[in-house]
Participant: 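Pasting in a structure now, in structure tokens, and then I'll have a few things to ask.
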Amino acid sequence: MAQSLSPNPDEWSKEQREVWRCLEDHWKLLTKGKIKEFLEYIHPEFRGFGHESPLMLDKRWLTEWVGFWSQTTTFPIRYISPISCWVQGEIAILQYIIFTIEKSAAGTGRSARRYTMTWLKTKGRWQIIASHNNKGDEAAK
């Protein structure tokens with residue numbers, strides 16, 4: 001079955017929309033501080049790179065960092081904009097941009113991040129097994 005190349009999830013296949021819903025839930029849990037539930041979307045063998053560290057991340061590191069970040073930062077606004085989603089069997093590659101307004105002890109700031117995530121469907125559940133993100137140049141300083 002051919003998949004839509006459109007950035008509009010309304011035009012995507014059932015499988016593409018399923019992965020997109022998981023991503024939306026994943027971010028909703030994080031921004032609401034529901035870390036345990038957020039981490040259920042992270043595969044035990046997760047590996048990735050993020051804007052916050054030059055080192056490769058794994059689930060253990062992500063658990064510590066996200067736990068701290070969610071205790072010190074709130075997200076009054078978040079908006080996720082899809083770029084593409086490709087699904088082949090039990091693998092999905094999802095690309096998107098997320099824009100946030102974040103409040104912390106350091107003040108309030110805006111951020112735009114570009115993500116490429118690889119999702120793996122295991123036992124009927126989609127989990128992130130690899131991720132790479134970077135802050136966009138358009139992030140406010």
Side-chain angles (χ1 to χ4, degrees), residues 1-104 106-141:
M1 171 169 58
Q3 295 185 45
S4 173
L5 299 177
S6 167
N8 181 354
D10 291 337
E11 298 172 13
W12 289 355
S13 71
K14 176 184 171 190
E15 292 82 11
Q16 289 171 302
R17 288 190 309 272
E18 181 181 347
V19 175
W20 183 251
R21 281 190 301 275
C22 288
L23 173 77
E24 289 179 320
D25 189 47
H26 169 76
W27 274 103
K28 180 180 176 183
L29 292 167
L30 175 62
T31 58
K32 299 293 182 189
K34 296 183 177 188
I35 303 310
K36 181 179 180 246
E37 296 90 343
F38 165 85
L39 289 169
E40 290 174 4
Y41 278 108
I42 307 298
H43 191 277
E45 299 300 319
F46 170 83
R47 299 291 184 270
F49 287 95
H51 68 276
E52 65 283 334
S53 172
L55 304 174
M56 186 183 72
L57 317 175
D58 60 14
K59 188 170 183 175
R60 186 180 72 189
W61 186 95
L62 188 63
T63 299
E64 289 182 31
W65 183 79
V66 168
F68 169 77
W69 190 45
S70 68
Q71 291 175 8
T72 61
T73 306
T74 60
F75 303 87
I77 295 176
R78 78 173 149 72
Y79 179 76
I80 305 171
S81 180
I83 298 171
S84 70
C85 182
W86 175 84
V87 179
Q88 183 66 44
E90 306 302 309
I91 299 284
I93 298 173
L94 181 58
Q95 296 173 307
Y96 63 95
I97 295 173
I98 183 165
F99 174 79
T100 59
I101 302 283
E102 301 169 14
K103 289 185 178 184
S104 69
T108 301
R110 297 183 304 178
S111 170
R113 295 178 187 89
R114 290 181 288 261
Y115 275 83
T116 297
M117 287 183 163
T118 303
W119 293 70
L120 176 65
K121 194 170 194 176
T122 306
K123 298 179 183 174
R125 180 178 173 92
W126 287 103
Q127 290 182 304
I128 304 159
I129 195 156
S131 179
H132 184 252
N133 79 78
N134 65 320
K135 281 193 172 183
D137 292 337
E138 61 278 10
K141 304 210 188 275

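Worth saying up front: this structure is predicted, and the values here are computed from it rather than measured.
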Participant: Measure from the side-chain N and O atoms of K121 to the backbone N and O of V19, and report whether any donor-acceptor pair falls under 3.5 Å.
Facilitator: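 Not confirmed, K121 side chain does not pair with V19 backbone.
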Participant: Looking only at side chains, do W20 and Q16 share a donor and an acceptor under 3.5 Å apart?
Facilitator: no
Participant: Between M56 and F49, does a side-chain contact (heavy atoms from CB on, under 4.5 Å) hold up when you go through it step by step?
Facilitator: CA-CA 5 Å; M56 186 183 72; F49 287 95; 3.8 Å; yes
Participant: List the atom of Q127, the atom of I42, and the distance in Å for their closest heavy-atom pair.
Facilitator: NE2-O, 3.6 Å
Participant: Between R60 and F46, is NZ or CZ placed under 6.0 angstrom from the six-membered ring centre and within 45° of the ring axis?
Facilitator: no
Participant: Looking only at heavy atoms, which two atoms of L29 and F38 are closest? And how far apart?
Facilitator: CD1-N, 3.8 Å
Participant: Minimum heavy-atom separation for E18 to W126, with atom names?
Facilitator: OE2-NE1, 3.2 Å
Participant: Of the non-hydrogen atoms in R17 and D10, which two are nearest, and what is the gap between them?
Facilitator: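 Reported closest heavy-atom pair: NH1-O, 4.5 Å.
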Participant: Please find the pair of heavy atoms, one from R110 and one from I101, that lie closest to each other, and give the distance.
Facilitator: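 Looks like CG-CD1, 3.2 Å.
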Participant: Between R47 and L57, does a side-chain contact (heavy atoms from CB on, under 4.5 Å) hold up when you go through it step by step?
Facilitator: CA-CA 6 Å; R47 299 291 184 270; L57 317 175; over 6 Å; no
Participant: Could you tell me which non-hydrogen atom of L94 sits nearest to which non-hydrogen atom of C85, and how far apart they are?
Facilitator: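 Looks like CD1-CB, 3.6 Å.
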Participant: Charged N to carboxylate O below 4.0 Å: is that the case for K32 and E37?
Facilitator: no
Participant: Mind checking whether Y96 and W27 have parallel, tilted or perpendicular rings, split at 30° and 60°?
Facilitator: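 Plane angle over 60°, so perpendicular.
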Participant: Check this for me: K28, atom NZ, are more than 12 non-hydrogen atoms of other residues, nucleotides or ligands nearer than 6.0 Å?
Facilitator: no
